[in-house]
There are 2 protein chains.
Amino acid sequence: MTRPTMEDVAAHAGVSRALVSIVYRDVPGASDATRARVLAAGAELGYRPDHRARLLGRQRTRLIGVTFDVRGAFHGDLIESLYPEAESLGYDLTLSAVTAARPESQAIQSLLDYRCEALILLGPTSTPSSLAALAESQPTVVVARKVRAPGVHVVRTDDDAGARLAVEHLLSLGHTHIAHIDGGRAPGAAERRTAYRNTMRRAGLTPLIIPGGPTESTGTAAAHHIPADTTAVTAFNDGCAIGLLHALHQSGRQVPENLSLTGYDNTPAAALPHANLTTVAQDAHQLTKLAIIALTQDVPTTEQTVSPVLITRGSTMRR
Amino acid sequence: MTRPTMEDVAAHAGVSRALVSIVYRDVPGASDATRARVLAAGAELGYRPDHRARLLGRQRTRLIGVTFDVRGAFHGDLIESLYPEAESLGYDLTLSAVTAARPESQAIQSLLDYRCEALILLGPTSTPSSLAALAESQPTVVVARKVRAPGVHVVRTDDDAGARLAVEHLLSLGHTHIAHIDGGRAPGAAERRTAYRNTMRRAGLTPLIIPGGPTESTGTAAAHHIPADTTAVTAFNDGCAIGLLHALHQSGRQVPENLSLTGYDNTPAAALPHANLTTVAQDAHQLTKLAIIALTQDVPTTEQTVSPVLITRGSTMRR
DNA sequence: AGCGATGACTAGAGCGCTCTAGTAGGGACG
DNA sequence: CGTCCCTACTAGAGCGCTCTAGTCATCGCT
């Protein structure tokens, strides 16, 4: 009835419990023949090592705790590439969700109760000082959020490069009157705004920054402030771009025929056929790779940025 | 350097380790005064019980394993309400993600390695027979998917009622020519189709079922087959509805002025202002509540359905 | 005064692993 | 033939808890 233990496998294979442990940990100390015999005995009994006991017995848990927000679509992508990345370095992952009723602090605490060796926080909202305190007890890396906290690793997308990518794409399509819908005080807005401005200036063009924000309604509102001679717009993010798209549609201005438009983040909504938005995507794979390396190779604490990539869809066309 | 253990707290409070355990488990056997003193000592040392050891020492782990798909938006909602539900019954939750590279079988296996007492599978894709095998070793509940497997609890939304809700909403708005875009062989399609047909017949109206599917493109394709005298449409799901919405927009047919439209699932896309779709939502809270009860109260194995609710937005109007 | 309850607390044996410190049994080598 | 070294294996002490089976006062009651 109860699940077989290492003891049972040992008895069944006619060896000591320690040998079974050696075999299942795949460390030297057993002959190939015995190894096969033990594994066969284990398989026959349907044995699977008890993860709890394993964690407890080991001095190093090789457990990485991950907090994520169930509402953030992008976090799914990150978790997806986190698993193989951690596994390849022999680490295990344990997830802890942040929800409306379960604050980040609680999610983190539960990970610590499992004695995780290291922490990966996806887009955390904790204060820099509490993050710094966390990092004192175990390596901690913040992904996809710009924070400055001593001892905390940060891995994020290079928003500067992302914004430049969007502008240069429009430039290469022959656009010269390109406006930018600003993100206000949203994270990343400052970097994107500055990059837009610099890229325009470098091309000898006049930047035009229109107030906006991260939500659809801000995009809708910004539509009225786009000059008639503007032929292209880089929006702060996909939400903003989609709001703008909607407003343009209402007023009979066609995208991309009359106005080319880029978003940012490559959210699922941007990929929908009726939006079909050219946008800037974060490289989840690279972000997680750097995050795991930062934790396991104990590199000096730094902020690392990952280059975004441009996803060209149907909302931009040649002038 | 190393985290304090129960031993440390005991020494600091001048009691035995067993007493500390009693206090932290909050079971009878300690005086109020001692309780306070132990708790104070623990707080002073920054003590937190080691969850691994706790799980190992206990005969009942009180651990519920949950598999979810990182791609499914609705799973986030379920997880969100799962946490408080489990906690209120004294259970802990551990999550295991299903991704493109991490099959469901692996996600489940890792939960079993933690010796979870029970399993909640969100929209699993495993075969009924493998689910039945799972259920033999521990209580197992499948959420949001219709499967018939012996020993497996199923908690899902009543699609029959959902479809009826949509049709009756349109009827109450005075519509009589209501078409249904079918979901083909997608899960839930058969129930929704039948419910649509029955509700129409009961109202003395003629049902009209147009072939479709679960994706946007199927909705777009279905647009051509909607008769001119049709004033309302219930689409299989939100994706289908949005594809249809897009096609109607192109052809100059206004929603809801010329055609009322309902979706199904209440996906985030349905809530976006330019879709603004009246749709049928699943009751995540109720689903998880039933799931947890099924596991912890060991009710007889059954399929339980939860009533959906209609989310009225701007895509439907009075005839 | 004697006796069983009751309440507060402790000793110590697990839980199922890991891992250090060993032992046994061959070769290889001088 | 004795020594040295491997390799293959075992004994047993943890890891940090839980929980059963106590011990020891104290108290109410006849």
Practice problem: Round to a whole Å and report the spacing from OH of Y47(B) to C1' of dG16(D). | Solution: 7 Å
Quiz item: Could you write nucleotides 5-11 of chain D as a row of B, S and -, 5' to 3', where a protein heavy atom under 4.0 Å of any base atom gives B, of only sugar-phosphate atoms gives S, and otherwise -?
Solution: ---SBBB
Quiz item: So what is the end-to-end bend of the helix from dA1(C)-dT30(D) to dG30(C)-dC1(D), with 5 pairs used at each end and the value given to 10 degrees?
Solution: 50°
Exercise. Could you check how far CZ of R60(B) sits from P of dC15(C), rounded to whole Å?
Key: 18 Å
Quiz item: Which whole-number value in Å describes the distance from D50(A) CG to dC15(D) P?
Solution: 19 Å
In a table with atom names and distances, give each donor-acceptor pair under 3.5 Å that connects a side chain of residues 119-128 of chain B to protein atoms at least two apart or in another chain.
unit_1	atom_1	unit_2	atom_2	d
T125(B)	OG1	E104(B)	OE1	3.1
S126(B)	OG	E104(B)	OE2	2.5
T127(B)	OG1	S129(B)	OG	3.3
T127(B)	OG1	S130(B)	N	3.2
T127(B)	OG1	S130(B)	OG	3.2

Quiz item: Within the pair S21(A) and dC17(C), is there a side-chain N or O less than 4.0 Å away from OP1 or OP2?
Solution: no
Quiz item: Rounded to the nearest 0.5 Å, how far does CG of D113(B) lie from CD of Q106(B)?
Solution: 10.0 Å
Quiz item: Restricting to pairs with a member in residues 86-95 of chain B, which pass side chain to side chain donor-acceptor pair (under 3.5 Å), not counting sequence neighbours?
Solution: H51(B)-D92(B), R60(B)-Y91(B)
Quiz item: Can we say D50(A) and R3(A) salt-bridge, meaning some charged N sits less than 4.0 Å from an Asp/Glu carboxylate O?
Solution: no
Quiz item: When the distance from OH of Y24(B) to P of dC17(D) is rounded to whole Å, what number comes out?
Solution: 10 Å
Quiz item: Does dC19(D) have OP1 or OP2 sitting under 4.0 Å from an N or O in the side chain of R25(B)?
Solution: yes
Self-check item: Phosphate OP1/OP2 of dT18(C): any Q59(A) side-chain N/O under 4.0 Å
Solution: no
Show me the side-chain donor-acceptor pairs of residues 4-17 of chain A shorter than 3.5 Å, one per line, residues at least two apart or across chains.
unit_1	atom_1	unit_2	atom_2	d
T5(A)	OG1	E7(A)	N	3.1
D8(A)	OD2	T5(A)	N	2.8
S16(A)	OG	L19(A)	N	3.3

Quiz item: What integer distance in Å separates M6(B):CE from dG14(C):P?
Solution: 20 Å
Exercise. Grab the CG-P distance between D92(B) and dC17(D) for me, whole Å please.
Key: 15 Å
Quiz prompt | ring-ring contact (aromatic ring centres under 6.0 Å, His included) against Y47(A), all qualifying residues, sequence neighbours excluded | solution = Y24(A)
Practice problem: Would you give the length of the straight line joining atom CD of Q109(B) to atom CZ of R102(B), rounded to the nearest 0.5 angstrom? | Solution: 10.5 Å
Self-check item: Atom pair CG (L287(B)) and CD1 (I292(B)), whose distance is rounded to the nearest 0.5 Å
Solution: 12.0 Å
Practice problem: Nearest whole angstrom, please: distance from the P of dG16(D) to the CG of D113(A). | Solution: 14 Å
Practice problem: Mind calculating the distance between OH (Y114(A)) and P (dG16(D)) to the nearest angstrom? | Solution: 17 Å
Exercise. Look at K146(A) together with E303(A) and state whether they make a salt bridge at an N to O cut-off of under 4.0 Å.
Key: no
